[in-house]
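So you know, we letter chains A, B, ... as the sequences are listed, proteins then strands, and number each from 1.
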Amino acid sequence: MNIAIVIILGVLMLAAAVTALYLKSLSAAVIAAGAVSLLASVIYLLLAAPDVAMTEAAIGSALTTVVFLYALSRMRGTKKEDPRD
Amino acid sequence: MIKRFLAIIALLGAAAVLLPFVLKLPTEEALPGLASEYIENAPGELGAANLVTGIIVTYRGLDTLGEVAVLFAATAAVGLLLKRTGNEGGVSHWRASEILESGGGFLFPLIILYGVYIFLHGHLTPGGGFQGGVVIATGFLLLLLSGSVNSFNHTVMSLVESFSGFAYVAVALAGLIWAAGFLDPRFLPQGDFGRLFSAGAIPVIYSLIGLKVGAELIGILDAMRCKVRREGVTA
């Protein structure tokens, strides 16, 4: 039962990763990459590694996603500025 | 076309390299030598209920010190690259929605409490300094997103960061003087197994790591955000 859940989550993880590659919108791709981390943290929890799951959920899906989104909006800001300079 | 073909070849090569590890994984019934050594000796030697923390902070304490140093280097690099220019700090343009604003204000103390709990109980329950520090940083991130705080006090943050880094090395040196070696936590009394004040200096070390990691990650988030808002205003 546990193994089945882990396999289902792993397939979902792969699907989210491939979605992140093929999405046109960059911010949607960042969210999909965050979903990969979130699913990975659930798998870690099921495999009895709660502290790794905690790290993955907090760093992988929360902080990294936000840092990527900040970087993305920063890139957009410079792109808007460029023609004026 | 050729690029795609090469990428597929590289992926297949990586899979071929990793396949033996996957096939070997379930066949190992007993723990390898070092791991069983740790499991036999660590509870008696350290008195930490959470064995993982005991191993990370003591036997592999030097690795942890290295990780903290790497994180410090990364934060310093981000701070250097996204240097503050000084003309930001005005009112931000957008306002967060009502729900985010009041929800963030309500959740912030709870998240901070949870983060402090995680690193104070690192020797008892899963988690520890790194996890607690990251949870604290997400609390401050929520405060930033909800727009109730415009900037953080950088003096306090760098004071917390450098104090905890200094104290971490000082505790490690205290182990060198009053116990068996560098990063040995046994110079403080071991206490009762499973209580908050037990396991020697492990909770002290992990609290310091938690403060340091939290301050560094908040610094990264703040550096990136300041840049964003400044350019948002000029654009």
- prompt: With a cut-off of 6.0 Å (strictly less than), are more than 12 heavy atoms of other residues, nucleotides or ligands near OH of B:Tyr114?
  reply: no

message: Which residue in the set B:Val52, B:Thr125, B:Ile118 passes side-chain contact (heavy atoms from CB on, under 4.5 Å) when paired with A:Asp51?
response: B:Val52

Residues, nucleotides or ligands: over 12 heavy atoms within 6.0 Å of B:Leu18 CG: yes

A:Val67 portion near chain B, given a 4.5 angstrom heavy-atom threshold: both

- prompt: Could you state the interatomic distance from CG (B:Leu141) to OH (A:Tyr70), rounded to the nearest 0.5 Å?
  reply: 5.5 Å

- prompt: Taking the side chain as C-beta and beyond, is there a heavy-atom pair between B:Thr138 and A:Leu63 under 4.5 Å?
  reply: yes

task: Please check if atom CZ in B:Phe108 has more than 12 non-hydrogen atoms from other residues, nucleotides or ligands closer than 6.0 Å.
output: yes

